[in-house]
Amino acid sequence: MPKHIFVTGGVASSLGKGLTASSLGRLLKQRGLRVTMQKLDPYINVDPGTMNPFEHGEVFVTDDGGETDLDLGHYERFIDEPLTRNSNATTGSIYQAVLAAERRGEYLGKTVQVIPHITDEIKARITRLATEDVDVVITEVGGTVGDIEILPFLEAIRQYRKDAGRDNVCYVHVTLVPFIGPSGEQKTKPTQHSVTELRSRGIQPDIIVCRSEAPLSDNLKRKISNLCNVDEGAVVNAADAKNIYALPLILHDEGLDDVVCEVLHIDRPIDLGPWQELVAKTEAATTPVRIGLIGKYIELQDAYLSVVESLRHAGIHHGAKVDIDWIQAEDVEGLLAAGRLADLDGMVIPGGFGERGFEGKIAAAGYAREHDIPCLGLCLGLQAMTVDFARNVMGLVGANSTEMDPNTPHRIIDLMHDQRDVVDKGGTQRLGAFYAILEPSSRVYRAYGEPVVSERHRHRYELSAQWKPRLEAAGLRCSGLSPDRRLVEFIELDDHPFWVATQAHPEFKSRPDHAHPLFRELTAAALARRAARTPTLRVVDEAAGSSVA
């Protein structure tokens, strides 16, 4: 029977529950255990797919087309296991399932209540992951104890220990030990209140993970142990760290996984060697390279979390430290006049929806094409790069996507004919993993090293393969097609250092110990561009008082 670990949080949101859970998952994998993970989100939305990126951040997409919380990206990057839509459940999806069952008569006319019907559905979502090929299920409960929305989830996980057996469940509570400047002290009172609130819901944490700016003293750990009724060794300190991939090692040194294994009666030795090597590589990656990210939602950088991490992974691979220049797509034309894009070593044009900023993305794509700046387009980025090529190379005045201009005379990007009659636009999206066949002599084929690849998608509009002959006659290579040859999945230019785009979201499959091929090759081209400009860069940097070349 699989073991279960429940991770809750208190005091404040964004404490790092997801990273703590992910780090614990990696530590257990290094013990040879088969691990899967899950996020329970208390908000009432059915899924994050229609939520505002400025509020929610990135929507992470799974192979089976689930639109999920960005924490699933952390889970996959740390435990290196593909997750599914079952790894994310919201209050909205749970109530939706219960109400649908009630309408079908499955409750035989009984009064539907939070207990047992909602809590039973929550437990069913947890049990769904506890398959025979899994040893440990780690479930993170979003929000903080004390939130009104979280109460059914706390009740469900309280009941779960009774159902699964005491030795099969471990409760980990992440809380905050703030530093109060005027008194010059770290305060344990918020942690005490948070644990008291959790205990009032019937859950005694087995382990308390204390987030803090600076390391906690043994005296403070002893105080928390006494006042919160946990063993002193089960008070784990997760002080702020600059390198998130070092967090598993930090938590191991604090004894987190040892205590978890003790609670769950797991006896497996750990081999940290591979992860220690990875962390050493991240800390040795110092060669600077500057990548511009031409985005629509840059005010909340979590909207591009997987893109940022993919660039970092590519940097680790090449021993480089990637400096991201956040560029608002709507400001690109003004920045072109100021020469800011000329200073980039490379750029990424990521995905998005809607008209705002699209012209700026097109302008950035055109500048990269004309000035030999390595450029990688993702999803909407491919569409912007194709429209730039159609307008400025092929001379198709007014060429556009019908998403941005329904009356464009040249429908370079459009809904497929079999999608246009779908009233519910959500039903027209291509979601999840799809295969593409790569042209053998292409740059993307050389990058991947294989003829058929699978990448995750999240989009509605497409570049039809009907345009392929005209685009290629003008010099744009359509280097990857869908298996039915109806859709263009990859484009590139032969006579450019790196001008490549994909309709997919490859950032979702990048890992810290094996960078995604497209990001790896973009970074290689950016480093080559920087090396070619090194004398000029050194003069500029030294004039500014520092040398990064």
Side-chain angles (χ1 to χ4, degrees), residues 294-296 329-337 341 347-420 428 430 436 439 442-444 457 459-482 484-504:
I294 318 298
K296 296 177 58 170
E330 291 173 288
D331 299 337
V332 165
E333 292 179 347
L335 296 175
L336 288 175
L341 269 62
M347 71 172 69
V348 174
I349 305 178
F353 291 90
E355 180 181 0
R356 183 181 64 82
F358 188 61
E359 290 297 324
K361 289 176 179 279
I362 295 170
Y367 187 86
R369 176 179 52 78
E370 293 171 354
H371 293 83
D372 288 340
I373 299 175
C375 179
L376 174 62
L378 311 173
C379 195
L380 187 65
L382 174 140
Q383 299 175 11
M385 291 165 73
T386 308
V387 170
D388 160 65
F389 190 86
R391 288 181 186 177
N392 301 311
V393 177
M394 299 173 68
L396 300 178
V397 178
N400 213 331
S401 164
T402 55
E403 179 184 8
M404 317 306 171
D405 179 8
N407 300 314
T408 174
H410 305 290
R411 304 164 76 97
I412 302 297
I413 309 294
D414 197 4
L415 291 172
M416 294 297 96
H417 289 284
D418 54 1
Q419 295 177 326
R420 292 178 185 165
T428 68
R430 193 148 64 107
E439 188 176 316
S442 65
R443 186 188 298 269
V444 292
H457 291 63
H459 58 95
R460 182 172 294 119
Y461 290 81
E462 305 272 6
L463 169 57
S464 170
Q466 293 179 353
W467 277 95
K468 184 175 185 289
R470 295 182 64 182
L471 290 167
E472 294 196 321
L476 182 68
R477 177 182 284 203
C478 298
S479 51
L481 299 178
S482 59
D484 61 7
R485 308 191 71 81
R486 294 177 61 213
L487 307 172
V488 176
E489 295 279 14
F490 292 87
I491 63 169
E492 60 186 68
L493 286 177
D494 289 332
D495 58 350
H496 192 283
F498 190 92
W499 203 78
V500 175
T502 174
Q503 186 59 70

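These numbers were taken from a predicted model, which means no experiment stands behind them.
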Note to self: On a heavy-atom basis, which atom in F490 and which in A436 lie closest, and how many Å separate them?
What the structure shows: CE1-CB, 3.8 Å
Item checked: Listed partners of R356 passing side-chain contact (heavy atoms from CB on, under 4.5 Å), at least two apart -> F54, K296, Y297, Q328, E330
Margin query: Looking at L378, is its backbone amide N or carbonyl O close enough to the side chain of T502 to form a donor-acceptor pair, meaning the two atoms are under 3.5 Å apart?
Written below: no
Notebook entry, point to check: With side chains defined as the heavy atoms from C-beta onward, is the minimum distance between L463 and L471 less than 4.5 Å?
Noted result: yes
Check: When you measure from the side chain of W499 to the backbone N and O of A365, does any donor-acceptor pair fall under 3.5 Å?
Finding: yes
Item checked: Closest approach of T408 to G398 (non-hydrogen atoms, all atoms of both residues) -> OG1-O, 2.7 Å
Next item on the list: Under the side-chain contact (heavy atoms from CB on, under 4.5 Å) rule, collect the residues that match up with E472, sequence neighbours excluded.
Entry: E439, K468, R477, C478
Expected list for residues 347-354: side-chain donor-acceptor pairs under 3.5 angstrom, two or more places apart:
none

Check: Can you list the residues that meet the side-chain hydrogen bond (donor to acceptor under 3.5 Å, both in side chains) rule with S479, with sequence neighbours excluded?
Finding: E492
Check: Among L376, V500, I491, L493, which one satisfies side-chain contact (heavy atoms from CB on, under 4.5 Å) with M385?
Finding: I491
Checklist line | Summary of side chain to side chain donor-acceptor pair (under 3.5 Å) pairs that have at least one residue in residues 396-406, sequence neighbours excluded | finding: T402-D414
Check: Tell me, do R430 and E462 make a side-chain contact under 4.5 Å, heavy atoms counted?
Finding: yes
Checklist line | Minimum heavy-atom distance L336-A363, with the two atoms named | finding: CD1-CB, 4.1 Å
Checklist line | Partner residues of E359 under the side-chain hydrogen bond (donor to acceptor under 3.5 Å, both in side chains) criterion, sequence neighbours left out | finding: R391
Margin query: Could you work out, with side-chain contact (heavy atoms from CB on, under 4.5 Å) as the rule, every residue matching S464, not counting sequence neighbours?
Written below: M416, Q466
Next item on the list: Determine which pairs satisfy salt bridge (Lys or Arg N to Asp or Glu O under 4.0 Å) with at least one residue from residues 372-382, sequence neighbours left out, and list them in order.
Entry: none
Item checked: Audit row: Y461, L380, side chain to side chain contact (heavy atoms under 4.5 Å, CB included) steps and yes/no -> CA-CA 9 Å; Y461 290 81; L380 187 65; over 6 Å; no
Note to self: Measuring only between side-chain heavy atoms, which start at C-beta, is L481 closer than 4.5 Å to L487?
What the structure shows: no
Notebook entry, point to check: What residues form a side-chain hydrogen bond (donor to acceptor under 3.5 Å, both in side chains) with R443, not counting sequence neighbours?
Noted result: none
Checklist line | H459 and Q383: CA distance, side-chain angles, deciding distance, side-chain hydrogen bond (donor to acceptor under 3.5 Å, both in side chains) verdict | finding: CA-CA 11 Å; H459 58 95; Q383 299 175 11; 4.9 Å; no
Next item on the list: Walk me through it: do W467 and V488 pass the test side chain to side chain contact (heavy atoms under 4.5 Å, CB included)?
Entry: CA-CA 9 Å; W467 277 95; V488 176; over 6 Å; no
Check: Checking H496 side chain against A368 main chain: does a donor-acceptor pair fall under 3.5 Å?
Finding: yes
Notebook entry, point to check: Residues two or more places apart in sequence or in another chain: which of them pass side-chain contact (heavy atoms from CB on, under 4.5 Å) with D484?
Noted result: S482, R486
Check: Under the side-chain hydrogen bond (donor to acceptor under 3.5 Å, both in side chains) test, which residues partner D388, sequence neighbours left out?
Finding: R369, N392
Checklist line | Of all pairs that satisfy ring pair (Phe, Tyr, Trp, His ring centres under 6.0 Å), the ones with a partner from residues 365-386, not counting sequence neighbours | finding: Y367-H371
Check: Are side-chain heavy atoms of L396 and R470 found at a separation under 4.5 Å?
Finding: yes
